[in-house]
Asks: 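Dropping the structure in here first, questions after.
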Amino acid sequence: MAKKTINKDVRRSITGSLGRFLSIFSLMVLGVFAFVGLKVSGPNMRATAEHFYTQHRLADLTVTSTLGLDDSDQKLIKATSGVKQVEFGYFRDVLLKGTHTSLRLFSPPQDLSTYALQAGRMPTQMGEIALDYLYEGQFRLGDTIDFTEEKSDGNYILRQHSFKIVGFVKSSEYVDKNDFGRTTIGTGQLNGYGVVPKNTFDSPVYMIARMTFTRMQGLSIYDVRYNDLASHYQTKVENQLKNQPENRLKALKTKPQQQIDSAKIELKQKEQQIAQQKSQLETQQQQLTAAEATGLPVSPEMQAEIDDGQQQIKQAQAKITTAQSDLQTKQEALNRLVAPVYTVNNRKDGNPGYQSFLDDSTRIDTLSNVFPVVLFAIALLVSLTTMTRFVEEERSNLGLLKALGYSNRQIHQKFIIYGLVSSGSGAVVGTILGHTFLPIAVFNAYTASSTFSNLRLTFSVFWTIVAFLIAIACSVLPAYWVVYQELRAAPAQLFLAKAPKAGSRILLEKIGFIWRRMSFTYKVTARNLFRYKKRMLMTIFGVAGCTALLVMGFGIRDSISGLASRQFGDILHYDMIAVEQEKMSNSERDELDKKLNSDTIASHLSVHFEQLTKKTDDNETQQISMIVPNQTNHFSQYVTLRNRISQKKLPLTDSGAIISEKLSDLLNAKVGDYFTVENADHKQFKIRISGITEMYMGHYLFMSPIEYQHVFGKSFAANAQLIKLTDSKESNVREQSAKLMSLPAVAAISQNIDMRNTIDAFMQGMNSVMFVLIICAILLAVVVIYNLTNINVSERIRELSTIKVLGFYDREVTMYIYRETILLSFIGIFCGFGLGAFFHRFIIEQVAPDLVMFNPALLWTNLLLSATITMATTLALSLFVHFKLKRVDMLGALKSID
């Protein structure tokens with residue numbers, strides 16, 4: 001019977017004050033939703049990627065060579081210790097016929113780095129192709145697709161160039177929709193891939209080796225041991241192939257050189273024969289001339305025979321000259337041959353989207369350590385206050401239940417059940433939404449630039465238990481403690497209302513010239529602020545927390561927006577970098593110069609361009625683009641070097657190099673410090689930092705030609721061109737890139753629009769996540785301000801009824817109490833600015849990828865918008881308070897309890 005009565009009392013408590021119940025419920029929903037949702041989003045993203053890689057057995061390492069992999073390469077690769085499986089394959093870069101769109105056609109793998117079939121089937125016969133699924137909207141199954149291919153040594157690698165589309169596939173080696181790597185055709189940037197049968201390729205050498213290793217099997221790709229082993233075996237394979245470039249070059253040159261030398265010997269022999277024939281003819285001609293001089297008869301046939309012989313000698317000599325010219329051309333071509341470059345890539349190096357997707361997931365982990373923790377803390381603190389106030393309102397009921405003989409345990413049960421139901425139900429809803437809606441929203445935001453799909457939703461028992469324990473503890477424990485304190489009193493004392501807090505003089509009263517000029521209502525407001533210190537601090541903290549979350553959310557959005565325009569408008573002024581071939585003929589040089597001086601190119605600057613590497617303290621290898629201009633006085637037309645804070649221009653000097661700001665942060669280095677870099681030959685060089693320049697994307701190092709010679713110990717030699725086009729539209733940049741790539745003198749093209757697309761894709765993902773979190777912060781602000789205002793009204797209902805009886809108008813009654821809320825909100829907003837700035841700085845330092853630097857400055861528009869939202873919420877809720885106070889039962893509130 002007692003239990004039935006208590007349960008009925010709990011139901012009445014819920015229905016009698018539905019607003020309080022819903023506020024606790026809403027706070028728990030928001031807190032648990034953000035907390036659990038962000039905690040599981042990162043692991044879910046990683047689990048999705050790992051499942052996909054495991055399902056398609058993504059290779060641990062890949063090996064490629066600029067001249068393919070011959071039998072000697074294959075033997076060395078297979079002989080690597082620790083290798084479990086090696087699979088060799090073919091690939092060829094081609095262009096879609098009539099376009100600059102480049103695709104890489106692969107032979108189908110047997111076991112390693114297999115493809116996920118999205119539609120149709122895999123190709124089985126020559127003339128069939130399975131195309132990158134991103135082209136599914138452009139082509140259909142059954143369509144015929146045509147390619148154009150450049151000849152290699154006068155021959156085509158592909159046996160045919162027209163294919164029937166029989167399927168669409170997704171690759172485990174290309175998971176970034178915007179970055180497929182570099183190529184030597186088209187615009188210099190790959191645009192996709194396809195799979196054709198193995199017998200389509202006509203090549204004596206393989207192009208790629210895919211490798212797995214025994215010790216790496218079964219390890220999570222996110223395990224530190226996996227990364228350590230990958231680096232270990234990568235070094236092993238590189239050492240295994242260390243001498244191959246020279247060996248292959250020697251092998252490639254030996255036979256052609258022997259043929260050229262043999263041909264030269266034959267030509268020399270022919271020259272000797274011609275010389276002998278020429279000598280004989282000269283002797284015959286002399287004899288004939290002598291006979292004519294002595295008057296002897298001369299046969300016309302003899303003169304004709306001599307003339308014919310001389311003609312044949314001239315023809316033979318011309319043939320020899322032509323042959324010698326051909327041999328000279330072949331010799332020059334052979335001399336221009338360079339050693340092949342072997343590239344051993346781990347998953348991070350060879351798969352552009354592999355590391356970026358991992359970085360995206362870890363950024364969510366970083367957010368989960370700040371945003372939901374703050375949001376949860378605010379929600380729980382307000383919930384604690386609400387439950388404490390609920391017990392105080394039930395003071396007389398406590399006395400009644402105790403007088404009726406209910407035990408303390410039974411009385412406690414009412415509040416425990418209420419707390420469990422309100423917070424527990426909110427935690428349940430928050431957990432469900434946190435495990436489903438938020439991870440899906442985060443995943444969809446980041447997969448806008450990734451090929452991953454079908455998010456693997458996992459249930460985190462640990463974080464669910466943590467969220468439930470915190471939620472329930474902050475609603476049940478304070479209620480239990482307050483009830484425990486109240487029940488120590490006798491029932492008669494509990495029937496009496498608690499005496500209101502005594503008023504006291506405040507510091508402002510001692511400042512007479514201010515206090516005397518304040519109206520009565522403002523004096524009451526000032527006194528009440530310090531009379532109810534707990535509520536004052538709670539309101540300030542709640543509003544400050546909500547404002548801080550808004551400042552952080554909008555700040556991150558502002559920090560990443562406009563990066564592209566700052567990077568490629570204010571700092572980098574060139575449209576592309578054209579990297580030249582290491583060796584080129586005079587005619588190829590002239591052809592390149594002609595293109596550089598054409599009307600389509602506004603200006604160009606010769607530079608030395610080189611990719612360097614640097615390992616940071618966390619053992620991550622950073623790629624650094626070194627640019628050394630041949631003319632430092634014109635360099636500012638192509639790159640603006642300046643300090644981000646002072647905007648002071650930085651000159652290139654002969655006493656050090658200027659590096660980008662994000663690189664200096666990763667190295668923890670400042671002006672005057674030294675750091676070492678490594679070139680492609682694994683040689684290390686020590687460089688002094690003379691300046692740190694503003695840069696938002698990529699790691700750059702700039703130095704003068706004299707400083708370059710001093711650091712690297714060799715003379716400056718330009719090997720690339722910074723190019724500014726007359727028309728910088730994306731379509732024209734692509735077209736001009738393709739024209740430059742078609743020149744024999746150009747080895748590679750680096751376009752700024754590719755970097756711009758990378759930034760835009762990243763911004764899209766981050767903005768979507770920030771949108772969700774900002775909405776959560778706004779909802780939290782609504783619930784917090786409503787709850788605190790509601791508590792303020794209920795605590796002072798007798799006071800408000802009194803001033804209503806005394807003749808205050810409804811508007812005056814509302815402002816009597818809400819003036820405090822507005823003032824505290826202003827204080828909370830300004831405190832939130834400082835707290836939000838701290839959170840913003842922390843997040844952008846942790847969330848930004850290694851290659852990207854966010855703008856750390858907070859815009860005044862961000863602060864204004866955050867303050868406006870918070871104050872708008874406060875003022876909007878004043879309407880609710882106003883109508884609530886209009887309906888107050890003054891007589892009932894003023895009735896004496898005793």
Asks: Show your working on salt bridge (Lys or Arg N to Asp or Glu O under 4.0 Å) between Arg46 and Asp365 and close with a plain yes or no.
Replies: CA-CA 11 Å; Arg46 291 190 289 274; Asp365 293 341; 2.8 Å; yes
Asks: For the residue pair Arg248 and Ser72, what are the closest heavy atoms and their distance?
Replies: CD-OG, 4.2 Å
Asks: Check whether the side chains of His161 and Glu149 place a donor and an acceptor atom closer than 3.5 Å, and report yes or no.
Replies: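 There is such a pair between these side chains.
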Asks: Counting only heavy atoms not in Lys330, do more than 12 fall under 6.0 Å of its NZ?
Replies: no
Asks: Stepwise, does the side chain to side chain donor-acceptor pair (under 3.5 Å) test hold for Ser450 with Lys177?
Replies: CA-CA 5 Å; Ser450 169; Lys177 293 179 180 178; over 6 Å; no
Asks: Say you draw a straight line from NZ of Lys198 to CE of Met126; how long is it, rounded to the nearest 0.5 Å?
Replies: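 That separation rounds to 13.0 Å.
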Asks: Is the CG atom of Asn668 crowded by more than 12 outside heavy atoms at less than 6.0 Å?
Replies: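 Atom CG in Asn668 is not crowded, with 12 or fewer foreign heavy atoms closer than 6.0 Å.
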Asks: Return yes when atom CD of Gln217 has more than 12 non-hydrogen atoms of other residues, nucleotides or ligands closer than 6.0 Å, and no otherwise.
Replies: yes
Asks: For Arg159, does the CZ atom have more than 12 heavy-atom neighbours from other residues, nucleotides or ligands under 6.0 Å away?
Replies: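 Enclosed.
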Asks: Passes side chain to side chain contact (heavy atoms under 4.5 Å, CB included), Leu103 versus Leu190? Steps please.
Replies: CA-CA 6 Å; Leu103 275 74; Leu190 272 177; 5.8 Å; no
Asks: Does a donor on one side chain sit under 3.5 Å from an acceptor on the other, for Thr200 and Gln160?
Replies: no
Asks: Ser171 versus His56: any side-chain heavy-atom pair under 4.5 Å?
Replies: no
Asks: Testing the basics here: between Val83 and Met211, what is the closest heavy-atom pair and its distance to 0.1 Å?
Replies: CG2-CE, 3.8 Å
Asks: Ser660 versus Met853: any side-chain heavy-atom pair under 4.5 Å?
Replies: no
Asks: Look at the side chain of Ser361 and the backbone N and O of Leu358, then say whether any donor-acceptor pair between them is shorter than 3.5 Å.
Replies: yes
Asks: What pair of heavy atoms forms the shortest contact from Val344 to Gln234, and how long is it?
Replies: O-NE2, 2.8 Å
Asks: For Tyr342 and Thr64, indicate whether the former's side chain and the latter's backbone hold a donor-acceptor pair under 3.5 Å.
Replies: no
Asks: Go through the side-chain N and O atoms of Ser162 and Lys97 and say whether any donor and acceptor fall under 3.5 Å apart.
Replies: no
Asks: Taking atom types as modelled, is there a side-chain donor on Gln85 or Arg210 under 3.5 Å from an acceptor on the other?
Replies: no
Asks: Salt bridge check: are Glu678 and Lys683 linked by an N-O gap of less than 4.0 Å?
Replies: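 The answer is no: the pair does not qualify as a salt bridge.
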Asks: Does Asp60 use its side chain to pair, donor to acceptor, with the backbone of Phe213 at less than 3.5 Å?
Replies: yes
Asks: Which of parallel (below 30°), tilted (30 to 60°) and perpendicular (above 60°) describes Phe443 and Phe357?
Replies: perpendicular
Asks: Of the options Leu112, Val63, Ile77, Thr80, which is the one that meets Val86 in a side chain to side chain contact (heavy atoms under 4.5 Å, CB included)?
Replies: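 Exactly one candidate clears the test, Ile77.
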Asks: Within 45° of the axis and under 6.0 Å from the centre of the six-membered ring of Tyr156, does NZ or CZ of Lys151 qualify?
Replies: yes
Asks: Are any of the side-chain heavy atoms of Leu457 and His435 separated by less than 4.5 Å?
Replies: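 No, their side chains stay 4.5 Å or more apart.
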Asks: Do Pro439 and Leu455 have side chains that get closer than 4.5 Å, going by heavy atoms?
Replies: yes
Asks: Measuring from atom CG of Asn345 to atom CD1 of Ile208, what distance do you get when rounded to the nearest 0.5 angstrom?
Replies: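 Going from CG on Asn345 over to CD1 on Ile208, the span is 8.5 Å.
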Asks: For Phe52 and Thr48, what are the C-alpha separation, side-chain angles and deciding distance, and is it a side chain to side chain contact (heavy atoms under 4.5 Å, CB included)?
Replies: CA-CA 6 Å; Phe52 183 74; Thr48 301; 5.9 Å; no
Asks: Ignoring hydrogens and geometry, is there a side-chain-to-backbone donor-acceptor pair from Ser231 to Asn227 under 3.5 Å?
Replies: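 Looks like yes, one N/O pair under 3.5 Å.
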Asks: Evaluate the side chain to side chain contact (heavy atoms under 4.5 Å, CB included) criterion for residues Met45 and Arg456: first the C-alpha distance (whole Å), next the side-chain angles of each, then the deciding distance (0.1 Å), finally the verdict.
Replies: CA-CA 7 Å; Met45 291 173 66; Arg456 293 180 68 82; over 6 Å; no
Asks: Between Asn719 and Glu580, is there a side-chain donor-acceptor contact under 3.5 Å, judged purely by atom types and distance?
Replies: no
Asks: Would Glu610 and His608 count as a side chain to side chain donor-acceptor pair (under 3.5 Å) if you check the C-alpha gap in whole Å, the side-chain angles of each, and the deciding distance to 0.1 Å?
Replies: CA-CA 7 Å; Glu610 188 174 347; His608 177 82; 2.9 Å; yes
Asks: So, taking the atom named NZ in Lys614 and the one named CG in Leu666, what distance separates them when rounded to the nearest 0.5 Å?
Replies: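 Nearest 0.5 Å value for the NZ-CG distance: 11.5 Å.
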Asks: Donor-acceptor check, side chain of Thr114 to backbone of Gln110, threshold 3.5 angstrom: yes or no?
Replies: no
Asks: Kindly determine whether Asp132 and Lys170 satisfy salt bridge (Lys or Arg N to Asp or Glu O under 4.0 Å), including the steps that lead there.
Replies: CA-CA 6 Å; Asp132 179 359; Lys170 182 186 293 186; over 6 Å; no
Asks: Is there side-chain contact between Gln118 and Val169, with heavy atoms separated by less than 4.5 Å?
Replies: no
Asks: Side chains of Thr183 and Gln189: donor-acceptor distance under 3.5 Å anywhere?
Replies: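 Absent: no donor and acceptor within the cut-off.
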Asks: Do any N or O atoms from the side chain of Ser460 and from the backbone of Trp463 form a donor-acceptor pair under 3.5 angstrom?
Replies: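 A pair under 3.5 Å: yes.
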Asks: Give a yes-or-no answer on whether the side chains of Tyr226 and Arg215 include a donor-acceptor pair shorter than 3.5 Å.
Replies: no
Asks: So, Glu128 side chain and Thr124 main chain: donor-acceptor pair closer than 3.5 Å or not?
Replies: yes
Asks: Answer yes or no: are there more than 12 heavy-atom neighbours, outside Phe685 itself, under 6.0 Å from its atom CZ?
Replies: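 Atom CZ in Phe685 is packed in, count exceeds 12.
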Asks: Are any side-chain N or O atoms of Asn44 and backbone N or O atoms of Thr458, one a donor and one an acceptor, separated by less than 3.5 Å?
Replies: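 Judged by distance alone, yes, a pair lies under 3.5 Å.
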Asks: Starting at CZ of Phe91, measure out to OG of Ser203 and round the result to the nearest 0.5 Å.
Replies: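 So the CZ of Phe91 and the OG of Ser203 are separated by 10.5 Å.
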Asks: Using ring centroids (six-membered ring only for Trp), state whether Tyr53 and Phe452 fall under 6.0 Å.
Replies: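 Phe452 vs Tyr53: aromatic centres under 6.0 Å.
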Asks: With a 3.5 Å distance limit and no angle check, can you tell me whether Ser102 reaches the backbone of Gly186 through a side-chain donor-acceptor pair?
Replies: no
Asks: Are any non-hydrogen side-chain atoms of Ile627 and Leu701 less than 4.5 angstrom apart?
Replies: no
Asks: For Glu246, look at atom CD and say whether over 12 heavy atoms of other residues, nucleotides or ligands are found less than 6.0 Å away.
Replies: yes
Asks: If I take atom OG1 from residue Thr54 and atom CD1 from residue Ile221, how far apart are they, to the nearest 0.5 angstrom?
Replies: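 The OG1 atom of Thr54 sits 6.5 Å away from the CD1 atom of Ile221.
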Asks: Go through the steps to decide whether Asp143 and Lys164 satisfy the test side chain to side chain contact (heavy atoms under 4.5 Å, CB included), and finish with yes or no.
Replies: CA-CA 6 Å; Asp143 286 354; Lys164 178 183 178 182; over 6 Å; no
Asks: Taking the six-membered ring where the residue is Trp, are the ring centres of Tyr90 and Tyr206 under 6.0 Å apart?
Replies: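 When the ring centroids of Tyr90 and Tyr206 are compared, they turn out to be within the sub-6.0 Å range.
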Asks: When rounded to the nearest 0.5 angstrom, what distance separates CE in Met626 from CD in Gln611?
Replies: 9.5 Å
Asks: Classify the side-chain pair Glu173/Ser113 by whether it contains a donor and acceptor separated by less than 3.5 Å.
Replies: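 There is such a pair between these side chains.
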Asks: Given 3.5 Å as the limit, does a donor-acceptor pair link the side chain of Asn444 with the main chain of Ile440, or not?
Replies: yes
Asks: Taking the six-membered ring for Trp, are Phe168 and Tyr135 ring centroids under 6.0 Å apart?
Replies: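 Ring centres of Tyr135 and Phe168 not closer than 6.0 Å.
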Asks: Quick check: are there more than 12 heavy atoms from other residues, nucleotides or ligands sitting under 6.0 Å from NZ of Lys253?
Replies: yes
